[in-house]
> 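Just passing along the structure, written as structure tokens.
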Amino acid sequence: MKELPPDARPREKLLARGPAALADAELVALLLRTGVRGTSVLQLSQRLLDHFAGLPGLLHAAPDELKQVKGLGPAKRAEVCAVLELARRSLTHQLAERPVFESPGRVKDHLRLHLAHLPHEVFAVLFLDAQNRLMCLEEMFRGTLTQTSVYPREVVRRALELHAAAVVLAHNHPSGVAEPSRADEYLTATLKAALAMVDVRVLDHLVVGRDDVVSFAERGLL
């Protein structure tokens with residue numbers, strides 16, 4: 001980046017104007033630090049973002065998927081994966097410290113990081129303690145591009161094993177559209193009834209799309 005004017009270099013720009021002033025490619029460039037022969041670090045950063053269709057896709061990239069980007073050696077792949085895992089762990093820690101509904105935005109962000117850009121449907125459950133703090137997030141069922149089979153008895157069994165007091169249900173729509181379906185509404189009612197029999201409350205069901213997360217509780221569907 002030495003060919004850039006000092007005030008246009010990502011590091012100097014960040015220190016002078018703050019991280020919000022940087023474009024996505026500039027932030028990634030700070031992480032990668034160097035480019036490769038014939039490709040500047042900014043070009044490599046943009047190539048990485050283009051390959052994964054932007055930051056949301058990059059946030060879900062597995063180490064093996066990063067290998068597909070020319071110029072990303074083992075060290076750079078490890079650095080990218082480490083930063084992404086730090087982001088996930090930070091959100092998990094925040095949700096474990098306080099009741100989840102003191103920070104509903106963080107719950108949605110947490111689920112976006114885990115589910116938003118998966119190519120297949122996943123049904124996950126956030127198990128909560130008596131203070132509605134996150135105990136763990138578990139991906140319980142996986143399916144195809146369009147559907148997943150969910151077994152209420154397995155959700156009930158796991159809630160009892162963890163001594164959970166409440167749960168938040170969640171699943172993604174690989175189509176990218178977060179609008180709940182009638183099948184989603186029926187499944188929610190079935191799970192709510194099954195869990196109520198063992199005194200476990202269903203606080204919400206969140207449907208994760210590419211750019212949005214829809215809350216059943218906010219829609220009055222719970």
> Side chains of residues 190-200: which donor-acceptor partners sit under 3.5 Å, not counting sequence neighbours?
{"from": "T190", "atom 1": "OG1", "to": "Y186", "atom 2": "O", "distance (Å)": "3.0"}

> Could you state the interatomic distance from NZ (K67) to CZ (R77), rounded to the nearest 0.5 Å?
5.5 Å
> Testing the basics here: between E154 and M140, what is the closest heavy-atom pair and its distance to 0.1 Å?
O-CE, 3.5 Å
> Same cluster for V177 and F216 if Ile/Leu/Val/Met/Phe/Trp/Tyr side chains link at under 4.5 Å?
no
> Has D129 got a side-chain atom pairing as donor or acceptor with A165's backbone, closer than 3.5 angstrom?
no
> Which pair of heavy atoms, one from M135 and one from L162, lies closest together, and at what distance?
CE-O, 2.9 Å
> Distance check, rounded to the nearest 0.5 Å: L111 atom CG versus L126 atom CG?
5.5 Å
> Is Y151 reachable from V156 through a run of I, L, V, M, F, W or Y residues, each pair having side-chain heavy atoms under 4.5 Å apart?
yes
> Taking atom CZ of R47 and atom OG1 of T39, what is their separation to the nearest 0.5 Å?
4.5 Å
> Does V155 share a hydrophobic cluster with L160, counting links as ILVMFWY side-chain heavy atoms below 4.5 Å and allowing steps through other members?
yes
> Residues two or more places apart in sequence or in another chain: which of them pass side-chain hydrogen bond (donor to acceptor under 3.5 Å, both in side chains) with R219?
E179
> To the nearest 0.5 Å, how far apart are CZ in F141 and CD in E121?
12.0 Å
> Assess whether salt bridge (charged side-chain N to carboxylate O under 4.0 Å, His left out) is satisfied between D109 and R112, documenting all intermediate values.
CA-CA 5 Å; D109 288 342; R112 283 195 192 98; 2.8 Å; yes
> Quick one: CG on L206 to CG on L169, what's the gap to the nearest 0.5 Å?
8.5 Å
> Considering non-hydrogen atoms only, spot the tightest contact between A29 and V41 and give its length.
O-CG2, 3.6 Å
> Just do the side chain to side chain contact (heavy atoms under 4.5 Å, CB included) check on H205 and H171 with the steps written out, would you?
CA-CA 8 Å; H205 186 167; H171 76 281; 2.9 Å; yes
> Start with the C-alpha distance between V28 and L48, add both sets of side-chain angles, then the distance that settles side chain to side chain contact (heavy atoms under 4.5 Å, CB included), and finish with yes or no.
CA-CA 9 Å; V28 176; L48 182 61; 3.8 Å; yes
> Take K76 and L44 through the side chain to side chain contact (heavy atoms under 4.5 Å, CB included) test and state the conclusion after the steps.
CA-CA 11 Å; K76 284 183 169 56; L44 180 59; 4.1 Å; yes
> State, to 0.1 Å, how close E79 and L31 come at their nearest heavy-atom pair, and which atoms those are.
OE1-O, 3.5 Å
> Short question: side chain of D204, backbone of A217 - any donor-acceptor pair under 3.5 Å?
yes
> Provide the closest heavy-atom pair for S45 versus L32 in the form atom of the first, atom of the second, distance.
OG-CD1, 3.7 Å
> Side chain to side chain contact (heavy atoms under 4.5 Å, CB included), that's the test. Do H51 and L72 meet it? Break it down for me.
CA-CA 12 Å; H51 183 88; L72 279 188; over 6 Å; no
> Determine whether a donor-acceptor pair (N or O, by modelled atom type, separation under 3.5 Å) exists between the side chain of R201 and the backbone of A166.
no
> Once you round to the nearest 0.5 Å, how far does CZ of F127 lie from CG of L137?
9.0 Å
> Set out, in order, the CA-CA distance, both residues' side-chain angles and the distance that settles salt bridge (charged side-chain N to carboxylate O under 4.0 Å, His left out) for E161 and R157, then state yes or no.
CA-CA 6 Å; E161 287 177 349; R157 180 184 62 80; 2.5 Å; yes
> Given side chains that start at C-beta, do those of L128 and V167 come closer than 4.5 Å, heavy atoms only?
no
> Minimum heavy-atom separation for L115 to V122, with atom names?
CD2-CG1, 3.8 Å
